[in-house]
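Written below as structure tokens is the structure these notes are about.
Naming: A, B, ... by sequence-line order, numbering from 1 per chain. Bear in mind the structure is a predicted one, so any value in this text is a computation, not a measurement. Side-chain atoms are counted along with the backbone in the values below, which use heavy atoms only and exclude waters and symmetry mates.
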Amino acid sequence: MTDYKTILFEQMLKDFAENEVKPLAQEIDEEERFPAETVAKMAKLGLFGIIIPRQYGGAGAGYREYIFAVEEISKHCGTTGVVLSAHTSLCAAPILEFGTEEQKQKYLPDLATGRKLGGFGLTEPNAGTDAGNQQTTAVELEDCYLLNGSKIFITNGGEAATYVVIAVTGKGPKGPEMSAFIVEKGWEGFTFGKHEKKMGIRGSATCELIFENVRVPKENLLGKRGEGFKIAMKTLDGGRIGIAAQALGIAEGALDTTVAYVKSRKQFGRPLSAFQNTQFQLADMATKTAAARALVYIAADAKQNKLPTLSVNAAQAKLFASETAMEVTTKAVQLHGGYGYTREYPVERMMRDAKITEIYEGTSEVQRMVISGALLKK
Amino acid sequence: MKIIVCIKQVPNTTEIKIDPVTNTLKRDGVPSIINPDDKTAIEAALRLKETNGATVTVISMGPPQAEKALREALAMGADEAFLITDRAFGGSDTLATSTIIAGAIEKLGADLVLCGRQAIDGDTAQVGPQIAEHLGIPQITYAADLSCEGNCIRVKRQFEDRYQILEADMPCLVTVLATMEKPRYMNVWDIVAQDEKEIGKITFADLTLDPARIGLNGSPTKVKSTATKQFDKTIETLELDPAEAAKTIVAALQKRHLL
């Protein structure tokens with residue numbers, strides 16, 4: 001039987017990315033501007049609710065479809081890709097996975113339709129890779145939790161209306177006890193600080209969240225008290241697949257752009273594509289990209305089917321896809337020569353965008369720790 | 001209001017390649033699309049659904065592969081879709097095709113029939129008007145804008161240098177220009193939902209048709225021969241200053257009676 005769902009989904013995304021995402025990519029990078037108009041169009045097409053079940057207003061499709069959407073959009077614009085990834089993997093997914101029925105009914109419909117964007121607050125000035133070293137606190141009072149502290153480098157920060165935030169709620173047997181909360185923009189004491197100026201994904205909003213005596217209702221505790229670290233780690237497993245898909249898309253975009261360029265650019269009376277060095281470089285770029293795609297799809301399926309290998313699959317996908325994105329975009333700039341170094345051509349932007357995929361949602365070093373840790377635990 | 005939109009699946013001409021040996025169109029591997037004017041007709045129907053309330057039914061006559069075009073229409077938001085398909089329909093020209101489609105519309109029932117102006121593969125612009133004639137309902141062609149008030153359809157009918165505003169009571173048929181609206185993208189909700197919908201099949205047995213008026217027998221149009229355009233590929237390169245170049249180009253165009 002023909003899989004029309006997949007065929008139509010891919011056709012829609014290719015059309016949309018080519019006609020709506022690509023034309024804005026350079027501009028939002030130059031102006032360091034959040035792509036609000038594209039986000040509104042994505043919302044109308046249901047792209048923010050791909051994995052959210054229909055009873056909560058989503059489309060009820062799977063992780064493959066979601067991952068494909070991030071990949072296809074990131075082919076043309078890494079910034080727009082990460083807006084979708086952070087919203088879906090880091091906010092909608094944990095509410096879907098760990099939320100109560102009331103929380104799902106309250107928050108998922110607006111996230112599914114894109115009426116509200118989602119964000120996630122884990123990283124702090126002194127809690128990056130060492131995510132356990134949280135300083136943000138949530139003190140339990142009679143009627144609420146009192147949230148104090150700040151989170152930095154928050155993707156969709158300021159643009160998002162719904163945040164999943166991790167904070168210390170007490171002392172546990174092995175260190176601080178952490179819990180997860182759903183926090184809404186607009187609550188008293190919740191403000192936004194510094195907007196980061198970045199090397200790449202410059203249109204993505206990356207902002208500090210500041211909490212000063214924010215009263216979080218008790219019903220907004222996500223999961224059980226003390227489950228915060230576990231929720232954060234599980235959320236990042238999913239998030240890493242999103243970033244891996246973003247990296248994959250960036251690599252594919254750079255490859256496509258380079259193939260077109262080397263066919264038209266002539267030196268020594270021949271197109272660059274006629275030189276064996278070019279051919280071999282392209283072959284390596286395409287092969288690594290294909291391998292990255294396979295790992296990303298394996299991880300998406302592991303997430304979809306809740307496989308116990310998910311952490312390792314996600315870490316391997318992110319490690320390989322992000323390093324491939326860096327390598328492919330660097331080669332793309334080299335094959336473009338001097339033009340590749342100018343902002344007239346998109347490959348320098350792709351190279352700058354690729355770099356972050358080796359860093360956020362767990363650096364490449366963290367991915368290696370996850371992968372080797374699982375190997376040596378046996 | 002019940003709207004039926006007639007669509008045709010056509011090869012994507014922007015991706016067509018010519019076989020250098022046989023000089024014919026390479027159809028293998030050329031993706032099929034919804035004919036652009038027809039896709040805008042779907043958009044027009046969906047907008048009427050949003051503004052006035054309607055059910056939108058999309059129909060297509062063609063081989064089983066045309067199911068993809070119908071499913072795309074469902075993924076844009078159409079309510080239901082039917083494929084008109086039968087071996088007996090093979091070889092139909094525009095007259096036989098419109099006879100069959102009119103039969104299907106009669107069976108399904110419609111207040112408003114929307115067609116694209118013409119298909120990019122045949123370019124006849126005949127099927128829409130012929131359907132209206134078979135059904136005995138008013139028709140308005142070349143619609144650049146379309147609205148509905150009560151039982152009345154109001155159309156801006158586009159000419160090269162002017163337009164008319166025309167009104168017709170329903171039931172009626174309108175043929176739509178691709179320039180009317182940019183068709184919407186498919187959306188994720190309807191892409192998933194179409195998976196659970198059946199595409200209805202309408203065959204010869206479902207319709208009351210005279211076998212002499214359909215298929216090859218019912219097609220008065222006989223194609224005597226087809227030919228592929230030949231391109232003269234001789235290129236002459238001249239290095240001239242702008243004034244001299246302009247004169248040379250004008251002279252060359254005049255020589256070929258193009259000016």
Working to the nearest 0.5 Å, report the span between [atom1] of [X] and [atom2] of [Y].
| X | Y | atom1 | atom2 | value |
| --- | --- | --- | --- | --- |
| A:Tyr4 | B:Ile199 | OH | CD1 | 8.0 Å |
| B:Asp195 | A:Phe9 | CG | CZ | 12.5 Å |
| B:Met76 | A:Met12 | CE | CE | 12.0 Å |

I need the minimum non-hydrogen distance between [X] and [Y], along with the two atoms involved.
| X | Y | result |
| --- | --- | --- |
| B:Asn187 | A:Lys44 | CB-O, 4.4 Å |
| B:Val192 | A:Ala61 | CG2-CB, 3.9 Å |
| A:Ile7 | B:Lys68 | CG2-CE, 3.8 Å |

Heavy atoms, side chains only, cut-off 4.5 Å: are [X] and [Y] in contact?
| X | Y | answer |
| --- | --- | --- |
| A:Lys41 | B:Tyr185 | no |
| B:Gln194 | A:Leu8 | yes |
| A:Asp15 | B:Met186 | no |

Other residues, nucleotides and ligands only: do more than 12 of their heavy atoms fall within 6.0 Å of [atom1] on [X]?
| X | atom1 | answer |
| --- | --- | --- |
| B:Tyr142 | OH | no |
| B:Glu50 | CD | yes |
| B:Tyr163 | OH | no |
| B:Arg154 | CZ | no |
| B:Glu196 | CD | yes |

> Just by modelled atom types, is the A:Arg54 backbone N or O under 3.5 Å from a matching donor or acceptor in the B:Trp189 side chain?
Replying inline: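 The answer is no, because no donor-acceptor pair under 3.5 Å joins these two groups.
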
>> Less than 4.5 Å to any heavy atom of chain B: does that hold for the side chain of A:Ala69, its backbone, both, or neither?
In response: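 When you check distances to chain B, no heavy atom of A:Ala69 falls under 4.5 Å.
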
>> Between B:Glu72 and chain A, with a heavy-atom cut-off of 4.5 Å, which part of the residue counts as in contact: side chain, backbone, both or neither?
In response: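 The answer is both parts of B:Glu72.
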
